[in-house]
Amino acid sequence: MLDIKLIAADAEEIKKIISQRDPSYGAMIDQAAVLNAEYKKILARAEELRSKRNELSKHVGVLRRDKPAEAEKIMAEVTDMKNEMAEKETSLEEFKKKIENLLLNIPNLPHTTVPAGKNETENKEVRRVGAVPNFNFKPLDHHAVGEKLGILDFETAATLSGSRFSLLRGDGAKLERALINYMLDMHAKNGYTEIAPPAVVNENILVGTGQLPKFREDMYALEGEPKQFLISTAEIPLTNLNRGKILPAESLPLKYVACTPCFRKESGAYGKDTRGLIRNHQFDKVELVMISDRQKSFECLEIMTANAEAVLSGLGLAYRTVLLCTGDMGFSSAKTYDIEVWMPSENKYREISSCSDCTDFQARRMNLRCKTENGKPEFVHTLNGSGVAVGRTLAAILENCQTSDGSVLVPPALVPYFGKDKITSK
RNA sequence: GGAGAGGUGGCUGAGUGGUCGAAAGCGGCGGUUUGCUAAACCGUUAUACUGGUUAAUUCCGGUAUCAAGGGUUCGAAUCCCUUCCUCUCCGCCA
């Protein structure tokens with residue numbers, strides 16, 4: 001959520017910046033500015049009335065004993081004010097709600113270092129790491145590799161749950177477990193505290209991180225009241241972990257890591273990546289979250305991105321890191337790096353991690369602050385990044401480490417976790 | 001699921017209709033004392049919004065906030081209703 005004060009101070013400037021994402025947001029900024037001006041007028045009058053009422057009522061107690069007639073007069077006077085007071089109160093509520101609804105649907109301001117652009121074609125490659133493998137045979141895609149080995153079974157998954165679900169069997173299931181432990185151990189060494197959070201959260205938690213109100217159709221909702229949802233990423237519980245608190249400055253940055261299942265409806269992705277592990281309704285992801293003060297957050301973003309990259313380089317997978325342009329960034333983010341892993345079957349890099357600095361956008365929504373040097377609380381900056389998507393990593397290993405005889409060589413870093421260095425069919 | 005207790009400031013904990021934004025203690029901050037440390041003593045100590053003022057989040061006002069929402073009243077932390085949450089005991093259960 002943007003600070004309404006920023007909009008009130010210079011709506012034109014904010015419009016200019018936000019329009020780099022999408023020009024249609026400009027009108028919403030204008031509306032917010034107009035509503036806010038109106039709101040303040042009403043607020044002034046409402047507070048004047050309340051002030052008068054408080055002043056009058058203060059003396060009634062004493063007057064009642066000493067001068068009952070005067071007390072009666074004052075009581076009547078206050079009663080007369082009630083209509084206007086009630087009217088102002090309701091209209092205040094209405095304006096507040098309208099403004100908040102607008103603000104909740106406006107995305108974060110892109111950071112000045114983010115390139116302007118409409119879509120992913122205007123993203124900027126920052127670096128390319130690792131050698132793309134050379135095959136002296138035609139590499140199979142990961143579902144073919146996995147199904148031949150009997151470790152991936154999409155047919156059974158479909159029977160159980162429909163399309164876009166996966167089932168891992170035997171060495172496949174074990175390899176996923178090995179990957180998770182490898183990732184969690186690495187991040188723990190880098191100072192992240194491991195968390196095992198709930199995968200079900202309340203509605204306001206999703207407002208905090210920005211999934212609601214705008215992206216309700218992407219979320220799995222549970223039956224019943226109060227409304228609860230399955231998380232689409234561990235970013236949600238991790239970032240909300242301290243919501244409403246004032247954190248001591250010296251505790252920052254807070255660093256959390258969790259591996260959770262993630263549930264996504266993928267309703268806008270008809271026909272995209274319909275086979276395999278790339279885009280499913282349920283997948284495991286290791287997620288990193290940092291809570292930083294506002295001075296250091298962009299440094300933290302570099303560190304977090306490096307921490308995520310280390311997972312891939314540790315596995316010997318080739319990847320590149322891309323700085324997203326204004327038009328391709330997520331709703332809450334001010335600056336995002338995507339990490340893309342090489343997928344031989346597609347002959348291109350595919351997203352496997354996304355690391356974002358959300359500045360104070362989420363912190364304001366969840367009222368998460370820290371004490372500053374002068375003792376005043378201020379909103380923190382929140383960051384999140386995949387460290388990394390487990391299913392996609394599994395897919396990348398199957399593709400990049402396949403051999404001509406159909407077996408898969410397990411990356412050396414995983415061998416201690418997996419127990420052997422090769423997956424062969426039974 | 002059944003029975004009971006309770007939710008007050010950074011924390012502990014008073015306060016059952018009228019100078020209560022809220023006693024007291026702890027903690028924090030500033031200071032005095034002091035070879036050093038400790039102790040003692042004095043002072044100070046919420047947040048948001050808002051009007052004016054300022055170099056300033058400077059200063060002076062106002063409003064709101066005692067789990068959340070609604071109601072009663074001239075006036076609510078205090079009374080009533082609803083919801084949420086926490087704790088204890090019993091039952092059930094991986």
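Protein chains get the first letters and strands the later ones, always in sequence-line order, with residue 1 at the start of each.
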Write down the partner of [N] under the Watson-Crick or G-U wobble criteria, each distance required to be under 3.5 Å.
{"N": "B:A94", "result": "none"}
{"N": "B:G69", "result": "B:C81"}
{"N": "B:U33", "result": "none"}
{"N": "B:U54", "result": "none"}
{"N": "B:G27", "result": "B:U45"}
{"N": "B:U88", "result": "B:A3"}
{"N": "B:G9", "result": "none"}
{"N": "B:G75", "result": "none"}

Rounded to the nearest Å, what distance is computed from the [atom1] atom of residue [X] to the [atom2] atom of nucleotide [N]?
{"X": "A:Ile246", "N": "B:G9", "atom1": "CD1", "atom2": "P", "result": "12 Å"}
{"X": "A:Asn367", "N": "B:A48", "atom1": "CG", "atom2": "P", "result": "9 Å"}
{"X": "A:Asn36", "N": "B:C49", "atom1": "CG", "atom2": "C1'", "result": "11 Å"}
{"X": "A:Glu77", "N": "B:G75", "atom1": "CD", "atom2": "P", "result": "13 Å"}
{"X": "A:Glu38", "N": "B:U50", "atom1": "CD", "atom2": "P", "result": "15 Å"}
{"X": "A:Asn54", "N": "B:G61", "atom1": "CG", "atom2": "P", "result": "17 Å"}
{"X": "A:Gln228", "N": "B:C84", "atom1": "CD", "atom2": "P", "result": "12 Å"}
{"X": "A:Ile74", "N": "B:C74", "atom1": "CD1", "atom2": "P", "result": "13 Å"}

Next on the checklist: OP1 or OP2 of B:U73 versus the side-chain N and O atoms of A:Arg53: is any pair under 4.0 Å?
Outcome noted: no
Taking the side chain of [X] as its heavy atoms from C-beta onward, which of [options] lies nearest to it?
{"X": "A:Ser57", "options": "B:U47, B:C74, B:A64", "answer": "B:C74"}
{"X": "A:Glu47", "options": "B:C49, B:G18, B:G75", "answer": "B:C49"}
{"X": "A:Ser51", "options": "B:G75, B:G62, B:U47", "answer": "B:G62"}
{"X": "A:Leu43", "options": "B:U73, B:U63, B:U50", "answer": "B:U50"}

For the [atom1] atoms, the ones on [N] and on [M], what distance do you get once it is rounded to whole angstrom?
{"N": "B:U78", "M": "B:G17", "atom1": "P", "value": "11 Å"}
{"N": "B:A39", "M": "B:C49", "atom1": "C1'", "value": "44 Å"}
{"N": "B:C80", "M": "B:U88", "atom1": "C1'", "value": "27 Å"}
{"N": "B:A23", "M": "B:U44", "atom1": "P", "value": "13 Å"}
{"N": "B:C11", "M": "B:G28", "atom1": "C1'", "value": "11 Å"}
{"N": "B:C85", "M": "B:U73", "atom1": "C1'", "value": "29 Å"}
{"N": "B:U47", "M": "B:G9", "atom1": "C1'", "value": "10 Å"}
{"N": "B:C59", "M": "B:U54", "atom1": "P", "value": "14 Å"}

Does this structure show an ion pair linking [X] with [Y], if we count only N-O contacts that are shorter than 4.0 Å?
{"X": "A:Arg45", "Y": "A:Glu48", "value": "yes"}
{"X": "A:Lys88", "Y": "A:Glu93", "value": "no"}
{"X": "A:Lys296", "Y": "A:Glu299", "value": "no"}

Next on the checklist: My understanding is that only one of A:Leu238, A:Val388, A:Val257 makes a side-chain contact (heavy atoms from CB on, under 4.5 Å) with A:Leu288; could you say which?
Outcome noted: A:Val257
Using a cut-off of 4.0 Å on non-hydrogen atoms, how would the nucleic acid contact of [X] be classed: base, sugar-phosphate, or nothing?
{"X": "A:Arg45", "value": "nothing"}
{"X": "A:Lys5", "value": "sugar-phosphate"}
{"X": "A:Leu56", "value": "nothing"}

Item to check | Distance under 6.0 Å and angle within 45° of ring axis: A:Lys265 vs A:Tyr220 | outcome: yes
Checklist entry - Knowing that exactly one of A:Asp22, A:Asp10, A:Asp30 qualifies, which makes a salt bridge (charged side-chain N to carboxylate O under 4.0 Å, His left out) with A:Lys15? => result A:Asp30
Checklist entry - ring-ring contact (aromatic ring centres under 6.0 Å, His included) between A:Phe418 and A:Tyr182: does it pass, once the steps are laid out? => result CA-CA 10 Å; A:Phe418 186 65; A:Tyr182 157 75; over 10 Å; no
Item to check | Nearest-nucleotide 5' precedence on RNA chain B, A:Thr79 against A:Lys40 | outcome: A:Lys40
